[in-house]
Amino acid sequence: MSHTLHPMRKARLQRSELAVPASNPAMIDKAADGPTDYVFLDLEDAIAPSEKVQARKNAIQALNDIDWRAKGKTVSVRINGLDTHYMYRDVVDVMEQAGDKVDTLLVPKVGVTGDLYMVEAMVNQIEQAKGFTTRVGLEALIETALGMANVEAIAQFGGRLEALHFGVADFAASMRARTTNIGGLNPHYPGDQWHASISRMVVACRAYGLRAIDGPFGDFSDPEGYKDGARRAAALGCEGKWAIHPSQIALANEVFSPPEAEVTRARRIIEELRKAEAQGKGAAQLDGRMIDAASERMAMNVLVLADAIAAK
Ligand code: GLV
Ligand code: MG
């Protein structure tokens, strides 16, 4: 290992993250009782300009009225972008009126670290002024060419930043990629056209101790397509994916939970390595495959996740 290490800044179970338009209180109530790990109440792109003010009020009410933690959920609010005049009031009103109830703010279209600096400075002041003893976290959507070009710098922001999300829809738009299909594969591309970008974001996350989350898949009538996308993201190191429809929650929970056979194998890896260690050996074999200290680190990732799921 390098002498420089950036430990995980904040672990949270985030296999499924349901996007809920805050303009719709019935959907918020349903989300609170559903099987998702994470909910974000959206004030941004799912909300028409004429509904922005009411959506903000609904989000604040839902934060105050619903005990999200008791329901086993992490709750986040996606504020509007820094290029809009809604953003400052989203931060001020949500934080002043429910800042001790919301777990994180999700900041869209982050392009430079200064975007996070502004939000961080505002929440610092509001938490101090209100005397909150809680500390809201920040998550950033990487969904523009500028954000991706600066993703390594953004990941190093520090402060309250806990996670980066890959926003494939806005990213496609920003890149002028030839598609109008949210998160689906382009049949003209040999492979996954988002592979390099997701991978780049995940590297930045893991280098600087952040969670890496994959964004939306628009075709909610295609569960297999969703699961394939989720499996590709998981293979690269993402720990969860958005659900833009309640039917996608179970799919995400399934893909991002290690199956029993994987957990059993992880336990056996640790056992075999302990036995080898007792004999003064660093490496061992399991089912005809070599295992060593790196296998232990991979196995521990599986076991820590399995424990977090069991503890939910
Ligand atoms: C999410 O916000 C996206 O643009 O994909
Ligand atoms: Mg977006």
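Remember, it's a predicted structure, so these values are computed and weren't measured experimentally. Both ligands and their constituent atoms are indexed starting at 1 by order of listing.
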Got a sec, which pairs hit salt bridge (charged side-chain N to carboxylate O under 4.0 Å, His left out) with one end in residues 22-36, sequence neighbours left out?
Asp33-Lys71
Give me the other members of the hydrophobic cluster that Val255 sits in, counting Ile, Leu, Val, Met, Phe, Trp and Tyr linked by side-chain heavy atoms under 4.5 Å, directly or via other members.
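Besides Val255, the cluster holds Phe256.
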Record the part of Lys109 in heavy-atom contact with ligand 1 below 4.0 Å; permitted values are side chain, backbone, both and neither.
neither
Is a side-chain N or O of [X] found less than 3.5 angstrom from the main chain of [Y], in a donor-acceptor match?
X	Y	answer
Ser174	Ala145	yes
His245	Ser247	yes
Asp214	Ala233	no
Lys109	Glu143	no
Ser23	Ile47	no
Arg206	Leu210	yes

Taking distance alone, with N or O pairs closer than 3.5 Å, would you say Phe171 contacts ligand 1?
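N/O-N/O distance below 3.5 Å does not exist for this pair.
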Within ligand 1, which atoms have a heavy atom of [X] less than 4.0 Å away?
X	result
Asp170	3 (C), 4 (O), 5 (O)
Pro216	5 (O)
Trp242	1 (C), 2 (O)

With a 4.5 Å cut-off on side-chain heavy atoms, are Thr36 and Asn253 touching?
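The answer is no, as the side chains (C-beta and beyond) never meet within the 4.5 Å cut-off.
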So is Asp45 close enough to ligand 1, meaning a heavy atom under 4.0 angstrom away?
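So Asp45 does not count as touching ligand 1.
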Should His165 be listed as contacting ligand 1, given a heavy-atom distance under 4.0 Å as the test?
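Distance cut 4.0 Å: His165 fails for ligand 1.
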Tell me every residue that passes side chain to side chain contact (heavy atoms under 4.5 Å, CB included) with Ala299, counting only those two or more places apart in sequence or in another chain.
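Residues passing side chain to side chain contact (heavy atoms under 4.5 Å, CB included) with Ala299: Ala266, Ile269, Ile270.
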Protein residue, atom and distance nearest to atom 5 (O) of ligand 1, heavy-atom basis
Ala169 N, 2.8 Å
Considering non-hydrogen atoms of the protein only, which is the closest contact for atom 1 (C) of ligand 1, and what is the distance?
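In this structure, atom 1 (C) of ligand 1 has Glu143 OE1, 3.3 Å as its nearest protein heavy atom.
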The Mg ion (ligand 2) neighbourhood, protein N/O/S only, threshold under 2.8 Å:
Glu143 OE1, Asp170 OD2
